[in-house]
Novice: 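The structure under discussion is supplied below as structure tokens; questions concerning it will follow.
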Amino acid sequence: MASTIQQQLTYHTKQAVKEIYGADLPDNQITIQETRKEFDGQLTVVVFPITRFSRKSPEATGNDIGAYLLRQLPELTAFNTIKGFLNLSLSDAYWTSLFTTAVMHEKFGRFPANGHKLMVEYSSPNTNKPLHLGHIRNNLLGYSVASILAAYGYEVIKANLVNDRGIHICKSMLAWQRWGNGETPGTSGMKGDHLVGKYYVLFDKEYKKEIDELRAHGHTEDDAKKQAPIIREAQQMLQRWEAGDEEVIALWKTMNGWVYDGFAQTYGRLGVDFDKYYYESDTYLLGKDIIQEGLEKGVFFRKPDNSVWIDLTADGLDEKLVLRGDGTSVYITQDMGTAQLKYDDFGMDESIYVVGNEQDYHFKVLFLILEKLGKPWAKGLFHLSYGMVDLPSGKMKSREGTVVDADDLMDEMVTTARKRTEELGKTEGLPEPEKAALYDIIGMGALKYFLLKVEPKKRLLFDPNESIDFQGHTGPFIQYTHARIQSVLTKGGYTQQQAIVVPEVLTESERDLIQLLSNYPATVEAAAKEFSPAYVANYGYEVAKQYNKFYHEETILKASDEAVRNFRLHLSATTARIIASAMALLGIAVPDRM
RNA sequence: GCGCCAAUAGCUCAGCUGGAUAGAGCAACGGUUUUCUAAACCGUCGGUCUCAGGUUCGAAUCCUGAUUGGCGUACCA
């Protein structure tokens, strides 16, 4: 692959410093950035670091280097130095050639396979309640990061570790047994996960009531929480589950089945999928052989009560329990075992856990332990920690019913999309099924973009009273730009096969658009390295915005010159393709009309 | 107490490994359509980048300390 203009500029700037000032300029001293709009040129070399070697003013140095570069690089047409910034103008021939040889290419922005395998574990729901807005963020992040890494050349495995057992599941089961009267999704008309969630909430109500009663009779809060009859019953149910009690297992299977049906619907609407499911009911006993291994290696130690610990105080952390005195697992025991299992199954080079930032400490400890155990794959583990989605009233809590339900929110988004679109009269004459599909694309696009445009680690505020926007820096804005381009292409009779003719001279908005489009691969790369879909989201917005500017400034179909018309159609088509490609990395569909 | 994370316009957010006068959107106000989709475009208004020091030719960005907020520090998951 030919070297980029940035690489050439770096090289020749070094040469210039060597020839003119007789000094070696280290690579990290060379900064090349895009020229700010208010100045002439497209690329800028920052000359301050060079003045150390030139012993001249920034302006004089810039002029020296600029003159040298102008002689060496035929792509350059002019330069100017302002306050220590050497602004370079590249010829229109350079930009059009960049466009036809690279940007226009079908696979522009997709990297060749790099031979590395990577797992993204995300979603990982509990099967005792429906998904809420926080889960949507998790799912979209996981799906998008997986797509971005695949585009960057990884072989990606999407995994979902389902938390399908434990005391929280037994709570729903017990409440259903007690108050359900045999209610099923079929008899109630409720989506399975919502039905099960209803009983989880009922359990909690009863539990709270019992706690209050006990406290009224003089128990301490801690004691009341342990002694409440209903929680004891749930614990007994968990023991029966672990003992393989047929009745409990049957109920567990039935109710989990309802939940899975519900989740499948929600996942389908979200457009996320998985290559591999792990179930905690299969993995919760794993990890004990690793405990043994750690004891033998002297990484772990046993306390008199028979519990097993690791001392991480030397690493600035605490002592951490890894196995209970009675020999049963804790959370981290399972996670050690599951990490080993996943590696044994796939042998991946890297493994990303998409989990909320409340578990930062847990993963820090987990990764450190695996490293101390000498697992060669431990250094490939990464916790993609994201911020919680908060409501104005604070954190969402399923037990207390203060959540924004995933299904409700999606319904609302699609309904709003329908309303907005019909107000604008955009879909008159369209058959109903097509309308419905379009509203789904727009509503989901608004929601997904809203969640993905924000840097993952930042927490997100969602105000249910303020609807998610459809104008400005939003998904629908980008979708609209795509639809608008498709409309122009259709009217212009454009086909991809048409040979491209390039004009001699570009307008500023054409040049800016080409330059922006040419940044697509670098954006994908940055997003992949930082595991941040936000880069791609914001890039898509920039492209749409720049295209709209171009669209308003120039006429396409009625361009005076046939070559210009042809070129602008190709430029539009390429813009649409890159928008569609970038949005696909976010799991956002783009319509051909809206 | 200790640890991790965040703090940028009234609100929601960008700002890449330090680089020019800190940028978008929303909200408010004004303008643009007999011409390719006005979910658009252009303009006005809006900032002591939480504070105080430090490093540097240069700091929203790096370092130290404080303040505020979130999370964690469970033999819960």
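Letters A, B, ... mirror the listed sequences (proteins, then strands); counts begin at 1. All values reported here derive from a predicted model rather than from experimental measurement.
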Novice: Starting the side chain at C-beta, find the nucleotide from B:G69, B:A38, B:A39 nearest to A:Arg459.
Specialist: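 From the listed options, B:G69 comes nearest.
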Novice: Counting heavy atoms from C-beta on, name the nucleotide in B:U35, B:A39, B:A20 closest to the side chain of A:Lys558.
Specialist: B:U35
Novice: Could you report the tightest heavy-atom contact between A:Asp40 and A:Asn80, atom names first, then the distance?
Specialist: O-ND2, 3.4 Å
Novice: Along nucleotides 72-77 of chain B, 5' to 3', which nucleotides get a B, which get an S, and which get a -, given that the test is a protein heavy-atom distance under 4.0 Å?
Specialist: SS-BSB
Novice: Nearest of B:C36, B:G19, B:C41 to any side-chain atom of A:Val488?
Specialist: B:C36
Novice: Just so I know, are the side chains of A:Thr575 and A:Val543 near enough to count as touching, which here means a heavy-atom distance under 4.5 Å?
Specialist: yes
Novice: Is there a residue in residues 473-487 of chain A whose heavy atoms reach under 4.0 Å of RNA chain B, and which residues are they?
Specialist: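 When residues 473-487 of chain A is checked for heavy atoms under 4.0 Å from RNA chain B, the hits, listed by number, are A:His473, A:Phe477, A:Tyr480, A:Ala483, A:Arg484, A:Ser487.
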Novice: For the base of B:A38, is there a side-chain donor-acceptor partner from A:Asn548 under 3.5 Å away?
Specialist: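 Donor-acceptor pair under 3.5 Å: no.
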Novice: Are A:Phe203 and A:Tyr200, when compared by the centres of their aromatic rings, separated by less than 6.0 Å?
Specialist: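 Between A:Tyr200 and A:Phe203, which both carry aromatic rings, the centre distance is not below 6.0 Å.
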Novice: Please report whether the ring centroid of A:Phe367 lies less than 6.0 Å from that of A:Tyr353.
Specialist: yes
Novice: Can you measure A:Glu542 atom CD to B:C41 atom P for me and round it to whole angstrom units?
Specialist: 12 Å
Novice: Side chain of A:Asp360, heavy atoms from C-beta onward: which of B:C4, B:G70, B:A20 has the nearest atom to it?
Specialist: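 Selected nucleotide: B:C4.
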